[in-house]
Amino acid sequence: MAKYKASAIIKPETDEVKLRSLDVQLYSNGGSAYDLSGPVLDRALFHSDNTYYWPEFHANGVVCKTVQPPHTAYRGFGGPQGLSACEHVIDHLALACGISGDQLRKQNLYSEGERTPFGMTLGEEFAGQWNIPRMWDRLYNELNVVGRRREIAEFNKQNKWKKRGLAMVPTKFGIAFTAKFMNQGGCLVHLYTDGTVLVSHGCTEMGQGLHTKVCQIAAQAFAIPLNDVYINDTSSDKVANTIPTAASMSTDLYGMACHSACTTILKRIEPIREKLPKDASLKDIASAAFFERVDLSAHGFFAIDDARCGFEWDKEKPDGFSGPENSWKGHPFIYFTQGCVCSEVEIGILTGNHATTRSDILVDVGRSINPSLDIRQIEGAFIQGMGWSTLEEVVYGDDDHTWIRPRGRTFTAGPGTCKIPAFNDVPEEFNVALMDDVDNPFAVHSSKAVGEPPFFLGACVFFAIKDAIMSARQESDVEGYFELRMPATSERIRMACADEIASECINSKDVKEFQPKGSF
């Protein structure tokens, strides 16, 4: 939950609205035990500015102990919650200033060289290329957002019980473990005399394609086919003291560690290579090196530079410090994975059901090691984020649900009550593109992390639903900002339309501000 105060400055002479200030208080439901709630809240705070420059910014967070079961990490690790709070504020300010959300977002995107509230400077030297402004322009123009909004407005005029909405949302996601000691990884590489390579690293393959990417890095290093590289299951007797597979950091850490190990072996066999014909295969070189008693195994290790990771929240400002505000506390992220998305939806006024008719995504993942894997990751993260923000309502026993006992018990504990996205929820037209000709000097082969960053893009469907509801409310002469809470379930969509039917259902209550207790 977020409480906020925000302001913007309207400049009539230039037809611009510039963000001025944001003061936000985040409340995190930690459940009955602390678990990882602290670091989750940290990342929510780091992302509560999203991609917008706020000249005056203050964010505070509190982990709340409740009767519910402990709440632990989920894809995004708090980032999507902070980003969502910011986008709610942007929508609210846009309405208050009398301009479109698209216009307010476009006019207040970070520019290269500007600084985040936690002291990071955006730009190649500090955090890699800042591509959001040109990504926004490319998507906005290629998708003809202005023309599509006109078509949506005409459709909504002609249809009483169906409304369409469109939203466009940017995102940046910081890459690194916020706990400094965790930004390390190891890898063991063996070169065999038959020219094959065996790799063992400290990360877990869970379907994200990490093993494939690490094998590609080794294959490229040794200039051999991918089929000649094999990988062992993760085991601490091969690579000890491993770090959790999290924070979207696995390829960055273990890919670099693998590259380091491969480079070590290549340096050892270089004198042997020079003695052999230029067309000698790796098998010939490895075999000759073995008889020359050259070690063909190497352990690689990679750790992010001290100056580029870690953030000490309570560190006092040193005397005479003249750098960016809060930068003395550390450098929480190495770089940002960036993206923009545009989604269009159609809602049924009578049922509250919705369908996503189209979604277009553009993501900067640097020079992708494996574009096919990265695109699949983006698609999966988008659908998961869409479900989180529109379908997956979690209900517990509390004052609003007294029939669930004991107090704090999770009611939505299985497929009968908790609804995740199905085939029918996938956008009818779904397009994903990767940025071309972008570099990232801070990761292996100039790539970027892709696991968690696209998750928040799925929330664009939520904001498109909100846009459609706004049209329905205007038809019922209900004007002004309204609060739509995540997730946008059918019940919440239906009641937020605030028409005569919704008013009759809740008797004397004010339908404009009514919040349903839950969909079961």
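- For the pair L210 and T251, the minimum side-chain heavy-atom distance is below 4.5 Å.
- Residues T116 and Y110 meet the side-chain proximity criterion, which asks for heavy atoms closer than 4.5 Å.
- Under the 4.0 Å criterion applied to side-chain N and carboxylate O atoms, K213 and D374 are assigned as salt-bridge partners.
- Taking the ring centroids of F46 and F311, they lie under the 6.0 Å cut-off.
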Test log, rule side chain to side chain contact (heavy atoms under 4.5 Å, CB included), inputs C342 and L166: CA-CA 7 Å; C342 180; L166 183 145; 3.8 Å; yes

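- At a threshold of 4.5 Å between non-hydrogen side-chain atoms, the residues W313 and D42 count as touching.
- A pairwise comparison of heavy atoms in H299 and G186 identifies NE2-CA, 4.0 Å as the closest pair.
- Taking the centre of each ring, H88 and F462 come in below the 6.0 Å mark.
- Formation of a donor-acceptor pair under 3.5 Å by the K65 side chain with backbone atoms of G30 is not found in this model.
- For the 3.5 Å distance criterion, the side chains of H211 and H201 qualify, holding a donor opposite an acceptor.
- The pair D137-K106 meets the salt-bridge criterion, since a charged nitrogen lies less than 4.0 angstrom from a carboxylate oxygen.
- Taking the six-membered ring for Trp and the full ring otherwise, the centers of F173 and F336 sit at least 6.0 Å from each other.
- When only modelled atom types and interatomic distance are considered, Y27 and N60 share no side-chain donor-acceptor pair under 3.5 Å.
- Under a cut-off of 6.0 angstrom, the local environment of CG in N424 is sparse, with at most 12 non-hydrogen atoms contributed by other residues, nucleotides or ligands.
- Under 3.5 Å, the side chains of N370 and S372 contain no donor-acceptor pair of N or O atoms.
- Considering CG of D439 and CG of N131, their distance stands at 9.5 Å, rounded to 0.5 Å.
- A side-chain donor-acceptor contact under 3.5 Å links N29 and T66.
- No more than 12 heavy-atom neighbours from other residues, nucleotides or ligands sit within 6.0 angstrom of CD on E125.
- Between L36 and F77 there is a side-chain heavy-atom pair separated by less than 4.5 Å.
- Ion pair R105/D91 flagged as a salt bridge, since at least one NZ, NE, NH1 or NH2 atom sits closer than 4.0 Å to an Asp/Glu carboxylate oxygen.
- At least one side-chain heavy atom of M386 sits under 4.5 Å from a side-chain heavy atom of T356.
- Residue pairs meeting the side-chain hydrogen bond (donor to acceptor under 3.5 Å, both in side chains) criterion with at least one partner in residues 70-82, sequence neighbours excluded, are D35-T72, Q68-H71, Y74-Q384, R75-Q377, R75-Q384.
- Judged by distance alone, the side chain of S327 and the main-chain N or O of G323 form no donor-acceptor pair under 3.5 Å.
- Of the possible polar contacts, none joining the Q220 side chain to the I217 backbone as a donor-acceptor pair under 3.5 Å is found.
- Taking 4.5 Å as the limit, some side-chain heavy atom of M435 sits within range of a side-chain heavy atom of L362.
- Side-chain atoms of S287 and D284 form no donor-acceptor pair, as typed in the model, at a separation below 3.5 Å.
- In this structure, R358 is not positioned above the aromatic face of F430 in the sense of NZ or CZ being under 6.0 Å from the six-membered ring centre and within 45° of the axis.
- Within a 6.0 Å radius of NZ in K329, other residues, nucleotides and ligands contribute more than 12 heavy atoms.
- The structure places OH of Y254 at 14.0 Å from OG of S260, a figure rounded to the nearest 0.5 Å.
- A side-chain donor-acceptor contact under 3.5 Å links N50 to the backbone of P170.
- Side-chain atoms of R43 come within 3.5 Å of backbone atoms of G174 as a donor-acceptor pair (strictly under, hydrogens ignored).
- Looking at D295, its side chain does come within 3.5 Å of a backbone N or O of S297 through a donor-acceptor pair.
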Start with the C-alpha gap between K180 and E312, add the side-chain angles, then the distance that decides, and say whether salt bridge (Lys or Arg N to Asp or Glu O under 4.0 Å) holds. CA-CA 10 Å; K180 188 172 186 176; E312 300 179 48; over 6 Å; no

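- A donor-acceptor pair under 3.5 Å is absent between the side-chain atoms of E392 and the main chain of S389, judged by distance alone.
- Within 6.0 Å of atom CG in D233, 12 or fewer heavy atoms from other residues, nucleotides or ligands are found, so the atom counts as exposed in its surroundings.
- A 6.0 Å sphere centred on CG of D237 holds more than 12 heavy atoms belonging to other residues, nucleotides or ligands.
- Atoms CD1 and OG1, from I132 and T51 in turn, are 5.5 Å apart once rounded to the nearest 0.5 Å.
- The two residues D437 and R134 make their nearest non-hydrogen contact at O-NH2, 4.4 Å.
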Under the side chain to side chain contact (heavy atoms under 4.5 Å, CB included) rule, what do C86 and Y4 come out as? Steps first, then yes or no, please. CA-CA 9 Å; C86 182; Y4 60 87; over 6 Å; no

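- Taking 4.5 Å as the limit, every side-chain heavy atom of L19 sits out of range of all side-chain heavy atoms of L22.
- Across all non-hydrogen atoms, the minimal contact from L296 to A286 is CD1-O, 3.6 Å.
- For S368 (side chain) and V365 (main-chain N/O), no donor-acceptor pair under 3.5 Å exists by modelled atom type.
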Please determine whether salt bridge (Lys or Arg N to Asp or Glu O under 4.0 Å) holds for the pair D49 and R115, giving the CA-CA distance in whole Å, both sets of side-chain angles, and the decisive distance to 0.1 Å. CA-CA 11 Å; D49 61 325; R115 295 156 180 166; over 6 Å; no

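- Between the CE atom of M256 and the SG atom of C187 there is a distance of 12.5 Å, given to the nearest 0.5 Å.
- A salt bridge links R376 with E379; the closest basic N to acidic carboxylate O contact falls under 4.0 Å.
- Atom CD1 of I420 is surrounded by 12 or fewer heavy atoms from other residues, nucleotides or ligands within 6.0 Å.
- Put simply, the side chain of R367 never gets that close to the backbone of S446: no donor and acceptor are under 3.5 Å apart.
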Where do N440 and Q129 land on the side chain to side chain donor-acceptor pair (under 3.5 Å) test, with the steps shown first? CA-CA 7 Å; N440 178 30; Q129 295 177 355; over 6 Å; no

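- Remark: aromatic rings of H47 and F118 are distant, center separation not under 6.0 Å.
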Given the rule in the side chain to side chain contact (heavy atoms under 4.5 Å, CB included) test, do V229 and T196 qualify, once you have shown the distances and angles that lead to the verdict? CA-CA 6 Å; V229 182; T196 60; over 6 Å; no

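- When side chains are defined from C-beta on, M486 counts as touching W388, because their heavy atoms get closer than 4.5 Å.
- W54 and F57 have tilted rings, their planes meeting at an angle from 30° to 60° on a 0 to 90° scale.
- With rounding to the nearest 0.5 angstrom, the CG atom of D252 is 10.5 Å from the NZ atom of K448.
- For the residue pair S248 and E452, a side-chain donor N or O sits within less than 3.5 Å of a side-chain acceptor on the partner.
- Nearest heavy atoms, A176 versus A247: O-CB, 4.2 Å.
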In sequence, state the C-alpha distance, the side-chain angles, and the governing distance for F301 and V239, and then conclude on side chain to side chain contact (heavy atoms under 4.5 Å, CB included). CA-CA 10 Å; F301 181 79; V239 178; over 6 Å; no

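- Side chain of E344 to backbone of T357: no donor-acceptor contact under 3.5 angstrom is found.
- Note: I369 CD1 to Q216 CD = 7.0 Å, rounded to the nearest 0.5 Å.
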